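Both counts, for ligands and for their atoms, begin at 1 and track the order of listing. Bear in mind that the values here come from a model prediction, so they are computed numbers and not experimental data.
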Amino acid sequence: MVELETGELFMGQEAPDNLFNVPDVLLPFVFDSESKEYQTAVIVKDKIYVVEGSSDAAKLSMDVKIFDKLTGKWLIPTVLGTKPTPSNGYSAVPVNGDRILILKEDCSAVDSFWFLEVDSPYVKEQKKLLGAEVVAWSKGVVGEGPKPVVISGPSGVGKGTLISKLMKEFPTTFGFSVSHTTRAPREKEIDGVHYHFTERSIMEEEIRDGEFLESALVHGNLYGTSVDAVEAVTDAGKRCILDIDVQGARLVRSSSLEALFIFICAPSFEELEKRLRSRGTETEEQVQKRLRNATAELDEGKSPGLFDHILVNDDLETCYENLKKLLMLDDTAANYQPTVRSFQIPMSHSVSIKDQKILIRCGTSELGKVITSLFLLDVSSLKGGSPGRTRGLRIYAIDSYEES
Ligand SMILES: Nc1nc2c(ncn2[C@@H]2O[C@H](COP(=O)(O)OP(=O)(O)O)[C@@H](O)[C@H]2O)c(=O)[nH]1
Ligand SMILES: Nc1ncnc2c1ncn2[C@@H]1O[C@H](COP(=O)(O)OP(=O)(O)O)[C@@H](O)[C@H]1O
């Protein structure tokens with residue numbers, strides 16, 4: 001049996017002349033409740049994007065195919081980013097000509113809004129890089145979320161020590177972005193807590209698949225921040241702390257992730273050397289390599305426009321107090337609008353878009369009465385996007401009334 005969900009055909013856009021030559025994409029949402037297979041189609045410029053798959057727990061799939069109206073051919077794109085887990089219903093609306101907003105039904109607000117980027121700056125760049133048709137998923141976040149904090153500085157300067165103090169004093173405020181690395185674990189390091197220790201070939205493949213926000217070769221090993229590492233912290237409602245090298249900081253600076261960048265340095269090179277040796281975690285050869293790299297990192301750290309603040313870690317307690325001051329002074333904490341966790345898009349709803357405002361009309365029945373609620377989703381100030389999250393969605397409850 002095929003059920004048709006409510007929703008406008010191609011969301012208010014004119015159906016193309018050759019629409020009836022296009023198989024399977026006549027309707028914006030089709031769901032077969034027996035096989036749990038679904039299909040959604042949206043037109044953006046000259047292409048029809050079809051999102052399809054199965055929400056059956058045993059099969060769970062979500063694929064994208066594209067019908068190019070100019071050539072009359074189907075394309076299977078390279079799909080980057082973490083895709084949503086399938087649900088039984090979707091609405092899809094084109095937004096800003098470069099992405100499709102997918103509203104998942106019957107999910108909590110943190111999982112309701114997804115973007116399939118089809119022609120965003122990130123996707124354009126990836127198309128060039130890969131020489132292929134590319135689309136990319138990114139999760140929509142209501143509000144801005146707190147700005148992540150990037151902490152960089154030469155090895156042995158005290159980054160880890162400062163971050164541990166912060167996490168210990170403010171366990172519910174801050175969360176650590178657990179990086180991936182190909183270096184071997186140190187004695188007390190736990191996989192998944194300090195790092196995700198991994199193989200080079202696996203990590204390189206994951207980087208190619210767009211799973212990393214940044215990655216760099218540091219002291220002869222590959223290190224990288226996965227999109228999930230940052231977003232797991234943000235999804236838990238915490239402010240994310242990244243301990244990454246200067247190359248990584250530069251990459252994050254040029255990515256879509258807005259962050260606060262802090263560079264830590266030691267009072268002198270001799271002191272840095274002393275700390276590295278007294279930590280006793282590296283061989284002499286590794287210590288030498290880290291010290292050689294430190295000079296370049298110190299120069300890089302001072303390059304204009306990269307770091308927002310530089311802190312000298314001389315006396316640990318003084319430096320820690322200064323770090324706390326910086327984090328409190330940052331006004332993003334005051335601007336933080338918590339995610340609307342209580343909002344849920346019910347199965348029965350319709351969606352229409354006008355001037356970057358999306359009207360969601362939801363019908364729910366309570367005690368035999370049918371209640372219609374209207375929500376306005378504002379997509380006019382979206383920030384970020386793939387390979388991370390699309391932030392800045394605003395949702396307003398505008399009306400609620402009983403159907404007569
Ligand atoms: N670019 C990048 N650098 C990282 C990442 N994780 C750790 N690093 C950096 O890699 C360098 C070496 O880290 P590690 O092996 O833990 O040694 P340590 O800094 O001496 O404790 C440090 O400068 C870290 O900041 C990451 O995900 N990306
Ligand atoms: N302000 C400080 N004064 C003296 N020793 C310090 C200070 N900060 C950190 N340390 C010590 O220096 C060593 C390196 O610190 P760590 O946090 O591991 O550096 P990083 O994470 O930057 O590589 C550790 O043994 C740590 O206890």
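- Here atom 1 (N) of ligand 1 lies nearest to D245 when heavy atoms of V246, D245, I244 are compared.
- Below 3.5 Å of separation, one finds an N or O of R186 facing an N or O of ligand 1.
- Between the side chains of T225 and E214, at least one donor-acceptor pair of N or O atoms lies under 3.5 Å.
- Among protein heavy atoms, atom 4 (C) of ligand 2 sits closest to R275 NE, 3.5 Å.
- The environment of E284 atom CD is dense: over 12 non-hydrogen atoms of other residues, nucleotides or ligands sit within 6.0 angstrom.
- Checking V218, D243, I264 against atom 8 (N) of ligand 1, the nearest heavy atom belongs to D243.
- For atom 17 (O) of ligand 1, the choice among H219, Q247, E282, R290 with the nearest heavy atom turns out to be R290.
- A donor and an acceptor atom, one from each side chain of S138 and T390, are located under 3.5 Å apart.
- Cation-pi geometry between K104 and Y90 is not met at under 6.0 angstrom from the ring centre and within 45 degrees of the axis.
- Smallest separation of non-hydrogen atoms from I207 and S215: CD1-OG, 3.5 Å.
- If you look at P154 next to ligand 2, the close heavy atoms, those under 4.0 Å, all belong to the backbone.
- In this structure, R253 forms a cation-pi arrangement with F261, its terminal cationic atom sitting closer than 6.0 Å to the ring centre and no more than 45° off the ring axis.
- The residue H180 has no part lying near ligand 1, judged by heavy-atom distances below 4.0 Å.
- When hydrogens are left out, the protein atom nearest atom 27 (O) of ligand 1 is S179 OG, 2.6 Å; that is the closest non-hydrogen contact.
- Here D314 has backbone heavy atoms under 4.0 Å from ligand 2, and that is the only part of it that gets that close.
- In terms of protein heavy-atom proximity, atom 21 (O) of ligand 1 is nearest to R279 NH1, 3.0 Å.
- The single protein non-hydrogen atom nearest to atom 12 (C) of ligand 1 is Y223 OH, 3.6 Å, given as residue, atom name and distance.
- Here the heavy atom of the protein found nearest to atom 14 (P) of ligand 1 is Y195 OH, 3.4 Å.
- Of all atoms in ligand 2, numbered sequentially from 1 with element shown, those under 4.0 Å from a heavy atom of G160 are 17 (O), 20 (P), 21 (O).
- Under the 6.0 Å cut-off for aromatic ring centres, F212 and H180 qualify, their centroids lying closer than that.
- Ion pair E282/R186 flagged as a salt bridge, since at least one NZ, NE, NH1 or NH2 atom sits closer than 4.0 Å to an Asp/Glu carboxylate oxygen.
- Remark: ligand 2 and K159 share an N or O pair separated by less than 3.5 Å (distance only, no angle test).
- Among all protein heavy atoms, the one lying closest to atom 16 (P) of ligand 2 is T161 OG1, 3.5 Å.
- Of all protein heavy atoms, the one lying nearest to atom 28 (N) of ligand 1 is E214 OE2, 2.7 Å.
- Residue-ligand proximity, S155 to ligand 2, at heavy-atom distances under 4.0 Å covers atoms 23 (O).
- Within 6.0 Å of NZ in K383 there are 12 or fewer heavy atoms belonging to other residues, nucleotides or ligands.
- Cation-pi geometry between K83 and W137 is not met: the NZ or CZ atom fails to fall both under 6.0 Å from the ring centre and inside 45° of the normal.
- Remark: minimum distance from atom 20 (O) of ligand 1 to any protein heavy atom is reached at S155 OG, 2.3 Å.
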